[in-house]
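Here the structure is laid out as structure tokens; the discussion comes afterwards.
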Amino acid sequence: MKYVDEYRDAELGQALATQIVATVEPGRHYKVMEVCGGHTHTIYKYGVDDLLPENVELVHGPGCPVCVIPMGRVDDGIAVALEPNVIFTCFGDMMRVPGGNGTLLEAKASGADVRMVYSPLDALRIARENPDRDVVFFAVGFETTAPSTALTLMRAKAEGIRNFSVFCNHVTIVPPLRALLDSPDLRLDGFVGPGHVSTVVGARPFEFIPSAYGRPIVISGFEPLDVLQSVHMILRQLAEGRCEVENQYSRVVPYDGNPAALRVLAEVFELRPHFEWRGLGFISSSGLRLSDAYAEFDTELRYSIPGVRVADPKACQCGEVLKGVIKPWECKVFGTACTPERPIGTCMVSSEGACAAYYNFGRFEREREAVR
Amino acid sequence: MTADSLTASRQRAALELIERVRAKPLRFRDPKLTMAHGAGGKASQTLIEGLFMPLLGSDSLRELGDAGSLRVDGVGLALTTDSFVVKPIRFPGGSIGELAVNGTVNDLAVSGARPLALTLSLVLEEGLATDELRAEIEAIAEAAEAAQVHVVAGDTKVVERGHCDSMYVCTTGIGQIDPRASLSPASVRPGDKILVSGSIGEHGTAVMLARGEFELEAQVESDTRPLWPAVDALLETVGGSLRCMRDATRGGVASVLNELARASGVSVLVREAEVPIEPAVNGACEILGIDPMYVANEGAFVAFVAPEAAEDALGALRSVSGCERAAEIGSVGADPPGLVLVQTAFGGRRVMDMLVGDPLPRIC
């Protein structure tokens, strides 16, 4: 594939791997967090960490939009999906996330009309095609996906489509990063910064990470060479005693972000005072809801939402995993009670989830030891 | 013990526990069926091994091959059955009727049996246009002729509108096991080579795009075709060196490799760069975030052959129409049993597990 294969070149990968080995101090252990679930996925899909020296460890951060949705919100979504006359639409990954009361997939098997969509615009199209049904879109994701939800809502408003609403679970990237950096048990040397979020918000909002917390961050693209190069850039900052925001993904990330996208976000959404994150608890000003101008499209105002808070299962340590405090395999239920087929925690559900990715990797690790 | 070695030993203990849990017989505990149970991945496997096998398990069924086998007066017969529920019923490169014939004769072929005859069961929806039915019966007749089988018995049911989607087709096939074939997962050995009979992922991609849900267009046609000529060529050329074959339908090449790794108690290493995939399939899968290794085929199979016969087997396959892109994609190892690894084109390695959940709509 043109313009894609170039970023997956094995020879360039090997060259970067050699440079990385030359950059690290042999006796030192490096912990680098990739914030974004998309990066986690790339790392596993291409075996990127296989090319890193043993003393460079990648820690998977909280940037998987599916993984951070608390169980109570899933239950709320299911309650809406079970309302008469509702067509409930969501991204595919979301359908397998367990709430306190089963998954959307199970709700579908019980008769709820739950449909997978690839874009909120697909949900709007379903609304247009089914004027006598009420179509709800389960919106999840960071600033990456929020603008497409915003544009969909603007279009719904312009076309006067009344049978469409959005169950908004959009979140913002900076507050959880700050919460993470504030947690006392965290030990990280640097961050592979989110790429697609940054196409919207830019690199500027991450300046607090080097300035206030003294950690380097490199905004990274999603192809394997991007990730490998970003890790190299972080290690080079550490080796040279620098600490700054660098932009590896400059082909799509401008320093100030995308002003048009930021404008639609500001028009359609407003910050919630606080929002609950799976494993991280309530974080102030971290979630979005529809602004007053779009209140007519707000699922939470249109239906009575149970809004029950469901505590994360006791045995589940998704929070510690999301903070990078423990490795997935250190969780007590990892791989035994909690598996991709039967997930307890959200990190095991999405292919971007740290546990699901590690579940397979761990088996590989054992194989690698056998080979040695 | 240093902190690092303590961590390493704890990690090993955790991973060994996981392997023990994985090795346990599958238990079926789901309260309700979901689409995932029909997707050919882990949920399907759990349903079959956890519910059907304990109640129905004959020796032949326990092998979980593409067809069952029985001996009648010294003659080896293979028997298989399949239901076809694809939506839409017509798609680029084929239709439900053609699929219903090829799907069943191919299950026989990869079991080393020359297809002899089919039965045909139709479940038709009230209101179905006669022209549509006629077109499918014509497709069945043509496909049966191409595969050199006769339809020898049949049944028709009509259900109320809304109770089935246009039409469901069930076919049962019988074939005679070829004396040149001695196929069994148990005969797979470390060092064996793994071949695919052609480029992969075309059927699933064609059907997915034909549904028009993604506003994505590409020139991709289903690969539905009878596979006996390819199997015949393999048996003629390498005969006893052919260990085992599987039709890479639902769940794709990845699921078939996992099934065989598990059934044979071996590990499998796939070299991603060697897997033949059409650029249009690759592009569509890239956009939709689907791995072509998990996408269904209706005219491609996976064959395990002895290493010394791999070259000849490949030559034999490539001489058959439709299999020109046949390729050696990997090899068999010993440890850890049941695991499928991929050497990525980028140079790293990862595990390729069975499909979990259902990424795709009804495709066969």
Side-chain angles (χ1 to χ4, degrees), chain A residues 1 4-5 8-11 13-14 17 29 41 43-51 92-93 95-96 102-103 105-106 108-110 116-119 121-122 125 223-225 228 327 329-331 334-337 339-342 351 356 359-371, chain B residues 4 7-8 10-22 26 29-37 41-43 46 213-216 267 272-273 279 282-283 286-289 291 333-336 338-339 341-354 356-359 361:
Chain A
M1 256 167 297
V4 174
D5 289 341
R8 298 176 184 172
D9 188 285
E11 272 177 41
Q14 284 300 338
H29 189 85
H41 188 71
I43 288 162
Y44 285 112
K45 184 171 174 199
Y46 298 95
V48 172
D49 47 359
D50 222 22
L51 277 76
D93 272 359
M95 294 179 73
R96 298 198 302 122
T103 66
L105 207 60
E106 284 162 10
K108 177 170 182 260
S110 304
M116 180 182 100
V117 291
Y118 266 80
S119 147
L121 284 171
D122 291 340
R125 178 174 49 79
E223 294 300 331
L225 279 181
L228 210 52
K327 282 282 189 187
W329 58 266
E330 290 176 291
C331 171
F334 173 76
T336 50
T339 60
E341 307 88 82
R342 213 167 254 289
S351 58
Y359 180 67
N360 284 329
F361 176 69
R363 301 177 70 206
F364 163 60
E365 187 80 324
R366 182 167 160 259
E367 190 269 351
R368 186 156 66 173
E369 276 181 19
V371 171
Chain B
D4 266 5
T7 309
R10 278 177 50 220
Q11 178 171 11
R12 208 168 309 121
L15 296 173
E16 275 163 16
L17 175 64
I18 293 166
E19 286 307 317
R20 279 206 301 281
V21 171
R22 265 180 182 265
L26 296 171
R29 293 180 298 186
D30 302 330
K32 278 194 175 119
L33 289 194
T34 65
M35 294 308 287
H37 292 111
K42 267 192 185 161
T46 309
E213 286 171 0
F214 303 128
E215 294 179 36
L216 196 63
S267 70
E272 195 178 52
N282 234 341
E286 178 78 26
I287 288 170
L288 298 175
D291 185 343
D335 194 61
L339 190 79
L341 285 170
V342 178
Q343 175 80 47
T344 71
F346 187 62
R349 287 206 286 180
R350 69 181 151 93
V351 170
M352 186 166 70
D353 206 352
M354 284 201 90
V356 175
D358 179 18

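In what follows, chains are A, B, ... by sequence order, proteins preceding strands, each numbered from 1.
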Subject >> Residue selection (most heavy-atom pairs with chain A, distance under 4.5 Å) from Leu288(B), Thr46(B), Val342(B), Asp291(B) >> reply: Leu288(B)

Subject >> Backbone N/O of Lys45(A) and side chain of Arg350(B): donor-acceptor pair under 3.5 Å >> reply: yes

Subject >> pair Leu225(A)-Phe346(B): side-chain heavy atoms closer than 4.5 Å >> reply: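 Result yes, sub-4.5 Å side-chain heavy-atom pair found.
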
**OP:** List in chain and number order the residues that pass salt bridge (charged side-chain N to carboxylate O under 4.0 Å, His left out) with Asp30(B), two or more places apart in sequence or in another chain; answer none if no residue qualifies.
**Re:**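 Result, salt bridge (charged side-chain N to carboxylate O under 4.0 Å, His left out) vs Asp30(B): Arg342(A).
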
**OP:** With sequence neighbours excluded, tell me which residues meet side chain to side chain contact (heavy atoms under 4.5 Å, CB included) with Ala273(B).
**Re:**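 So Ala273(B) forms a side chain to side chain contact (heavy atoms under 4.5 Å, CB included) with Ala345(B).
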
Original post:
Do you know which two heavy atoms are closest between Ser110(A) and Lys32(B), and how far apart they sit?
Top reply: OG-NZ, 3.3 Å

Original post:
Out of curiosity, Lys108(A) NZ to Thr34(B) OG1, how far, rounded to the nearest 0.5 Å?
Top reply: 8.5 Å

Subject >> From CE (Met35(B)) to CE (Met116(A)), nearest 0.5 Å >> reply: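 If we round to the nearest 0.5 Å, Met35(B):CE and Met116(A):CE are 11.5 Å apart.
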
Subject >> Heavy-atom contact with chain A under 4.5 Å, split by part of Glu286(B) >> reply: side chain

**OP:** Name the member of Val4(A), Asp9(A), Thr339(A) that forms the most heavy-atom pairs with chain B at distances under 4.5 Å.
**Re:** Asp9(A)

